[in-house]
Amino acid sequence: MMEEVELEEGVSPTTNGPEESTPPTDTNSNCNHTDNNNVSSRPAEATPEVTMETEQGEATPKKAGSEPVVVQGNNKNPASEKLQRVRKWSITTYKCTRQALSEKLGRGSRTVDLDLERRLELLRDDRQRYENMTKVAQALANQLAQITVTQKTLGDAFSELKVKTPTLHVEFGLNAEAQIFLSKSGESLTEAINTFTSDMNTLVNKTIEDTMINAKKYEAARIEYDAYRVDMEELNMGPRDANTLPKLEAAQQEFQGQKERFQKLRDDLTVKVKLLEENKVKVLHNQLLLLHTAVAAHSLSCHSFLEKNRRQAEELLNNSSVDAPSWLEES
């Protein structure tokens with residue numbers, strides 16, 4: 001009975017004999033040491049798959065150790081795109097140059113908007129006249145500024161002589177006051193004229209110039225539109241076969257695009273010219289009235305002061321004592 005209990009506790013019952021015991025492993029030992037023979041005898045573990053994503057978002061499985069996969073991108077070649085742009089620009093420039101030369105030589109037809117052309121011609125003429133008027137007004141302001149400086153200098157000289165010459169202090173004093181007043185009034189008029197020229201420069205060199213820039217863009221678009229129109233008309237007049245039909249369709253598409261761009265620029269320019277005409281009238285109306293008011297105020301104030309000064313001079317001279325006798329009379 002004791003032997004049976006020991007067998008049950010210590011050894012599992014087998015018919016082939018006692019089972020070989022497995023050697024215990026040291027949990028504190030280094031697990032990085034491996035036996036080459038044992039590695040070769042182990043079964044191959046499952047190789048992990050490496051997943052690569054293409055630019056289209058599809059996952060392409062790739063096993064480790066396989067050949068590298070080259071993913072073709074969808075981006076176009078920048079050099080090819082640049083070459084295409086240069087080619088298109090060259091063709092457009094050639095067509096526009098040919099159209100412009102044919103118009104100057106009187107051989108080509110051109111698209112004309114009679115109302116818009118008339119408005120632009122009047123605007124160019126008005127701009128030239130306004131520019132000349134502004135130059136003359138600025139010259140007047142510069143000359144008037146020099147006159148006011150001279151008048152002030154002359155008034156100071158009269159004031160000094162008034163003190164130095166007691167016998168003529170009334171006469172020198174009247175002239176000194178007159179010149180000093182004219183100088184101050186002239187400065188006010190100079191400022192008014194400078195304000196007028198400044199506003200006119202804004203109108204001519206900014207507002208009208210901006211419209212003229214748009215007119216130049218419109219003219220360039222018109223020449224380009226006529227160039228493609230002439231090409232399409234030549235293709236329409238020629239024979240139609242399998243070779244010319246694709247060219248005709250391409251020419252029609254390009255012509256339609258140029259037509260839409262030309263019409264948009266024409267409509268925008270027409271609206272801008274009309275608005276400019278209204279704004280120009282308002283600006284000139286206000287500025288001309290201000291200038292006239294300044295000139296009138298200068299003239300009236302000077303006249304009033306000089307008239308008052310003359311009356312004071314007469315009163316002072318009448319109330320002054322009789323002139324002293326000459327030394328010839330005394331002798």
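In this text, all values refer to a predicted model and were calculated from it rather than measured experimentally. Computed over heavy atoms, backbone and side chain alike; hydrogens, waters and symmetry mates excluded.
Sparse packing is recorded around CD of Gln128, with 12 or fewer heavy atoms of other residues, nucleotides or ligands lying under 6.0 Å away. Atom CD of Glu160 sits in a sparse spot, with 12 or fewer heavy atoms from other residues, nucleotides or ligands closer than 6.0 Å. For Arg124, the CZ atom is densely surrounded, since the number of other residues' heavy atoms within 6.0 Å is greater than 12.
With sequence neighbours left out, Lys272 forms a side-chain hydrogen bond (donor to acceptor under 3.5 Å, both in side chains) with Asp210.
Under a 4.5 Å side-chain heavy-atom criterion applied to ILVMFWY residues, the cluster that includes Leu161 comprises Leu154, Phe158, Leu168, Phe172 as well. Other residues sharing the hydrophobic cluster of Val112, ordered by chain and number and joined by side-chain separations under 4.5 Å: Leu114.
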message: Apply side chain to side chain contact (heavy atoms under 4.5 Å, CB included) to residues Asn194 and Thr190 and explain how you reach the verdict.
response: CA-CA 6 Å; Asn194 286 330; Thr190 303; 3.6 Å; yes
message: Go through it in stages, so that I can follow the logic: the residues are Tyr218 and Asp113, the test is side chain to side chain contact (heavy atoms under 4.5 Å, CB included), and I'd like the CA-CA distance, side-chain angles, deciding distance and then a yes or no.
response: CA-CA 11 Å; Tyr218 160 78; Asp113 189 334; 4.0 Å; yes
field: Working for side chain to side chain contact (heavy atoms under 4.5 Å, CB included), residues Thr111 and Arg229
entry: CA-CA 10 Å; Thr111 303; Arg229 176 181 57 81; 4.0 Å; yes
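Taking each heavy atom of Leu284 and Met200 in turn, the nearest pair found is CD2-SD, 3.5 Å. The shortest heavy-atom contact between Glu254 and Tyr228 is OE1-CE2, 3.1 Å.
Judged by distance alone, the side chain of Asp125 and the main-chain N or O of Glu121 form no donor-acceptor pair under 3.5 Å. A donor-acceptor pair under 3.5 Å is absent between the side-chain atoms of Thr165 and the main chain of Lys162, judged by distance alone. A distance-only check finds no donor-acceptor pair linking the side chain of Thr148 to the backbone of Ser183 [under 3.5 Å].
Between the OG1 atom of Thr270 and the CG atom of Asp115 there is a distance of 7.0 Å, given to the nearest 0.5 Å.
By the 4.5 Å heavy-atom criterion applied to side chains, Leu288 and Phe196 are counted as neighbours.
Checking Thr197 against Gln138 by side-chain atom types alone, a donor-acceptor pair falls below 3.5 Å.
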